[in-house]
Structures are given as structure tokens and as C-alpha cells.
Amino acid sequence: MIYSTGILVLITTVYCIAIISAMVGFVALKRKQKKAVATDKWVKISVIIPFRNEANNLLMCLESIQKQSFSPHLFEVILVDDHSTDDATEIATNFISRTNINIRLTALSKNKTSKKEALKNGIQQAVYPIIATTDADCVLPKDWLKTIGTHFKSNNGMLLGAVAFTRSKGFLAAFQTLDMFAIQGLEFGLLGFNKPVINNAANLSYGLDAYTKVGGFDTFNTPSGDDVFLLQKFKFQKLPIAGILSDKFIVETKPETHWADFFNQRVRWSSKSKHYKDKTLLFFSGLILLQNFAVAFGYFALFFNDNYRWVVFGVLLSKWLVDFILLFLVARFFKRKYAMSYFIPVQLVYPIYVLVIFTASILLKFEWKGRKY
């Protein structure tokens, strides 16, 4: 037992150092943002929105684009239908008929299916030098395009933006919100050290020339990961990658409302991890997985081993403390500190969640938008 406890202490020590580093990077990036100067030369942007069966969300997304503070003459919107079976296509068509923005609708051919294929289809039709992507279930802040247009320093780079879940009540919504805060904390915390490892296609932009230079998207047979694998390509070719932490640049999306849908979503997200190649991403992914294995072991040790109970409790308390500080910093930035009231119950079940999702992503099939993988 002494060796197991020693390993627990070692893993937690490394984990705490890594999370503290992310905190420092997050704060540093926020301070750097305050000093950043926007360019007075606005670029033109092609917005690509793939969608499949988003009849309940698409209109809100399109209306948020129509309300953009960016000049309509400086952007175009390309909607790509990935074989929707609901009313999403009709909703898009009706919106196009009454809007004054430059928007068009296209659809994938029968032999092509997937979000990546939809994005590729849209990019092939883009006429402007900057590609901006979001999801059809997202609502964009009114200065979203303006921020991209005035901060894009190079047509050869990538720009990362923040994503948050809309305010919702209940444990499931709070769980997803805190989980997303952890992801955003690592994303922008590591970016603060110029070590980008993850991003989110719901708020992402990059140069068309750069996209072509890296060879476009990956060829992995995964329903997700188009964003992070493209990031890896940019990183491996040493192309500039930046991010914006601003309350005017937060894209909002809805959390899942049912546990089964949430489970399917997270298994889908986790399924792409076997294709990771970035060493920093592999380190943090592996460390987080090991830490949660260690915490699960710590729960066991608290109840069944008296000799090292206080050591284990101290280790768990240290882990919870650094997690709390990171999540609080991110929650304060997103103006969602209310979610921290769920911190303790979320922390208690989180190790079990991680182990279940990790195991399920290896052993089980999952479904997304009516397709099985």
C-alpha cells in the first residue's frame, strides 16, 4: 500500500504543477489581451456552417449572424446541409429569402457524409481569404465577425475563440458547464505559453491559404476532431496560432438536456483521442486520465486503509484546491460563477465519469445525429 500511496502522491504533484501552470498562462493571456491593438485593416471573411438535423437551433444561429456589427459587404455565409432529415433545410431557405446578408445554401452529395466533408465543401466554395467556422446550434455575439476581422494578423494563421454553454439549471447542465470550463482553462492557459493543444470549431477561424498549405483536414474516420487535428497540422508546420479572451468573443451553445445524449456526445469526443500526435496534448490527456484513476483509488483507500488515510485525504484536497482555483478563474471570465456551487458534487463524481467515458470510447459504439459509429 505504501508504494500505491507514493504513486498517488507523485501523480497528484505533477498534476497540480500542470494545472497551476495553466492558471498562470490563462491569467497571462488575459493581461496580454488588454494590451492587444486591433488592426485598422479589416479582412473579408467566409463563414462556414455545416448542419445536420438542427431545425430547433439553426434559426437562432442565423439571426445572430444577421445582427453582426460587421459590414455585410465584408463577409459571406455558406450553409452546408449534411443530409438533414428534419426541417432545417426549409428553415435555412426561408431565412435566405428574407435576409440582406450574403448567404447561400449548399448540400453534400449522396456519397459524402460527415461534418468534415461538409466543412470541406463550404471551404471549396469560399471566396474570401479568412475562414470562420461555427456550429448550427450556436449563438454568436454581435461583435464576433468584427473581432475576427480586426484581429486577424496573418492570412497564414489560426485564431481560437472561447465557447460557453448557455445558462441552464440543474446538475447535468452545471456538470457540463464546469467540464467545459476545465477544457477552456487548459486551451487558453497553454496558449498563454504558446503551447496550443486544443480548440473548438464552434469559434474558430484560419487563413484559407494556411488551410491549403497544411493539406486541409485529416483523413481519420472520426465524427469529430476536425478542429483539433487541423490545429495539430498548423502547429507541426509552425504556423502562427493565437487566441482571443474577450467577453465580446464568446460563442454560446446549449448543453445536452438528457444523460443519454450527454453520454453519446462525450464518448464521441473521446473517440478521437487515439489519433492524437501532439506531445503536449498527449501529456495532458494522459496525466488527466492517470489523475482520475488515482483519485478513484484514493476513494478506495480512504475507506479501506487506516494507515495512510490522512495522506490520501491531503492529496485529494490538494487536487480539489487547484481545480477549484482554475475553474473559478474561468467561471469569473465567463460570468458564470453560479456554476461553482456545484463544484463539490461534480468533483466527487468526475473520476467515475472520466473512467466510464474512457472505457466506453474504446469498447462501445455510439450514435450521433442518427448515424452509428
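Computed from a predicted model, the values in this text were never measured in an experiment.
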message: Is it true that D323 and Y350 share a donor-acceptor pair across their side chains at a distance under 3.5 Å?
response: no
- request: State yes or no: do M60 and L62 share one hydrophobic cluster built from I, L, V, M, F, W and Y residues joined by side-chain heavy-atom distances below 4.5 Å, directly or via other members?
  value: no
- prompt: Ion pair present between K254 and D137, side-chain N to carboxylate O less than 4.0 angstrom?
  reply: no
query: Any luck finding a side-chain donor-acceptor pair between E54 and N57 under 3.5 Å?
result: yes
- prompt: For residues D81 and T106, is any side-chain donor paired with an opposing acceptor at under 3.5 Å?
  reply: no
task: Give the minimum heavy-atom separation between C138 and A202, together with the two atoms involved.
output: SG-CB, 3.7 Å
ILVMFWY cluster, L321 and I288 together (side-chain gap under 4.5 Å): yes
task: Start with the C-alpha distance between T166 and T253, add both sets of side-chain angles, then the distance that settles side-chain contact (heavy atoms from CB on, under 4.5 Å), and finish with yes or no.
output: CA-CA 6 Å; T166 53; T253 186; over 6 Å; no
query: Taking K142 for the side chain and S64 for the main chain, is one N or O donor matched with an acceptor at less than 3.5 Å?
result: no
field: Residues E187, V197; criterion side-chain contact (heavy atoms from CB on, under 4.5 Å); working and verdict
entry: CA-CA 7 Å; E187 176 180 343; V197 293; over 6 Å; no
query: Heavy-atom distance under 4.5 Å between the side chains of T147 and S246, does that happen here?
result: no
task: Please lay out, stage by stage, how L79 and I103 fare under the test side-chain contact (heavy atoms from CB on, under 4.5 Å).
output: CA-CA 8 Å; L79 302 175; I103 180 171; 3.8 Å; yes
Crowding at NZ, K238 (>12 non-hydrogen neighbours, <6.0 Å): no
message: Can you confirm whether or not the ring centre of F217 sits under 6.0 Å from the ring centre of F229?
response: no
query: Should L329 and I344 be counted in the same cluster of Ile, Leu, Val, Met, Phe, Trp and Tyr side chains packed under 4.5 Å apart?
result: yes
- request: For the pair F262 and Y353, name the ring-plane relationship: parallel under 30°, tilted 30 to 60°, perpendicular over 60°.
  value: parallel
task: Measure from the ring center of F75 to the ring center of Y128 and say whether it is less than 6.0 Å.
output: no
- prompt: Is it true that a side-chain atom of R104 and a backbone atom of I78 form a donor plus acceptor pair closer than 3.5 Å?
  reply: no
query: Relative to the ring of F324, is the ring of F343 parallel (under 30°), tilted (30 to 60°) or perpendicular (over 60°)?
result: perpendicular
- prompt: Do E117 side-chain atoms and K112 backbone N/O form a donor-acceptor pair below 3.5 Å?
  reply: no
Between T99 and Q66: side-chain donor-acceptor atoms closer than 3.5 Å: yes
task: Tell me whether I45 is reachable from V139 by hopping between hydrophobic residues (I, L, V, M, F, W, Y) whose side-chain heavy atoms are closer than 4.5 Å.
output: no
Polar side-chain atom of E252 near backbone of L140 as donor-acceptor pair, under 3.5 Å: no
- prompt: Between S21 and F193, which heavy-atom pair has the shortest distance, and what is it?
  reply: O-CE1, 2.9 Å
message: Strictly below 4.0 Å, N to O, side chains only: are K116 and D218 in salt-bridge contact?
response: yes
statement: Residues G157 and F152: closest non-hydrogen pair is O-CZ, 3.5 Å
query: With a 4.5 Å limit on heavy-atom distance, are the side chains of V322 and I20 in contact?
result: yes
query: Any idea which heavy atoms bring L348 and P351 closest together, and the distance?
result: O-CD, 3.7 Å
4.5 Å side-chain heavy-atom contact, L160 and L204: yes
field: Step-by-step side-chain contact (heavy atoms from CB on, under 4.5 Å) determination, L230 to Y211
entry: CA-CA 8 Å; L230 187 63; Y211 168 84; 4.2 Å; yes
Separation of F236 CZ from L231 CG (nearest 0.5 Å): 9.0 Å
- prompt: Would you say T12's side chain and V9's backbone share a donor-acceptor pair under 3.5 angstrom?
  reply: no
query: Does CG belonging to L317 count more than 12 external heavy atoms closer than 6.0 Å?
result: yes
- request: Verify, without hydrogens or angle tests, whether R336 (side chain) and A164 (backbone) share a donor-acceptor contact under 3.5 angstrom.
  value: no
query: Side-chain contact, heavy-atom cut-off 4.5 Å: Q184 with F334?
result: yes
- prompt: Looking only at side chains, do R167 and Y338 share a donor and an acceptor under 3.5 Å apart?
  reply: no
message: With no hydrogens and no angle check, just 3.5 Å: does a side-chain donor-acceptor pair link Q265 and D261?
response: no
message: Any non-hydrogen side-chain atom of V14 less than 4.5 Å from a side-chain atom of L287?
response: yes
query: Got more than 12 heavy atoms from elsewhere within 6.0 Å of NZ, K272?
result: yes
message: Does any part of the side chain of L178, heavy atoms only, come nearer than 4.5 Å to the side chain of M340, both counted from C-beta?
response: yes
query: Between the main-chain N or O of D227 and the side-chain N or O of N199, is there a donor-acceptor pair closer than 3.5 Å?
result: yes
message: Treating D87 as the side-chain partner and E90 as the backbone partner, does any N or O pair qualify as donor plus acceptor under 3.5 Å?
response: no
query: Can you say whether the rings of W320 and Y299 are parallel (under 30°), tilted (30 to 60°) or perpendicular (over 60°)?
result: tilted
- request: Kindly say whether S271 contributes a backbone atom to a donor-acceptor pair with the side chain of S361 at under 3.5 angstrom?
  value: no
task: Indicate yes or no: does D135 engage K115 in a salt bridge with an N to O separation below 4.0 Å.
output: yes
Check against side chain to side chain donor-acceptor pair (under 3.5 Å), T113 and D82: CA-CA 6 Å; T113 60; D82 180 10; 5.6 Å; no
task: Considering non-hydrogen atoms only, spot the tightest contact between S270 and I357 and give its length.
output: CB-CG2, 3.8 Å
- request: Report yes or no: does H83 contribute a side-chain atom to a donor-acceptor pair with the main-chain N or O of S109 at less than 3.5 Å?
  value: yes
task: Establish whether V356 and W259 are linked, either directly or via other cluster members, by ILVMFWY side-chain heavy-atom contacts under 4.5 Å.
output: yes
message: Is the shortest side-chain heavy-atom distance between T89 and L105 below 4.5 Å?
response: yes
message: As an exercise, state the distance from CD of E76 to CD of Q125, rounded to the nearest 0.5 Å.
response: 9.0 Å
task: Check whether any side-chain heavy atom of N203 sits under 4.5 Å from a side-chain heavy atom of W144, and report yes or no.
output: yes
task: For G161 and F249, work out which heavy atoms get closest and say how close.
output: CA-CE2, 3.5 Å
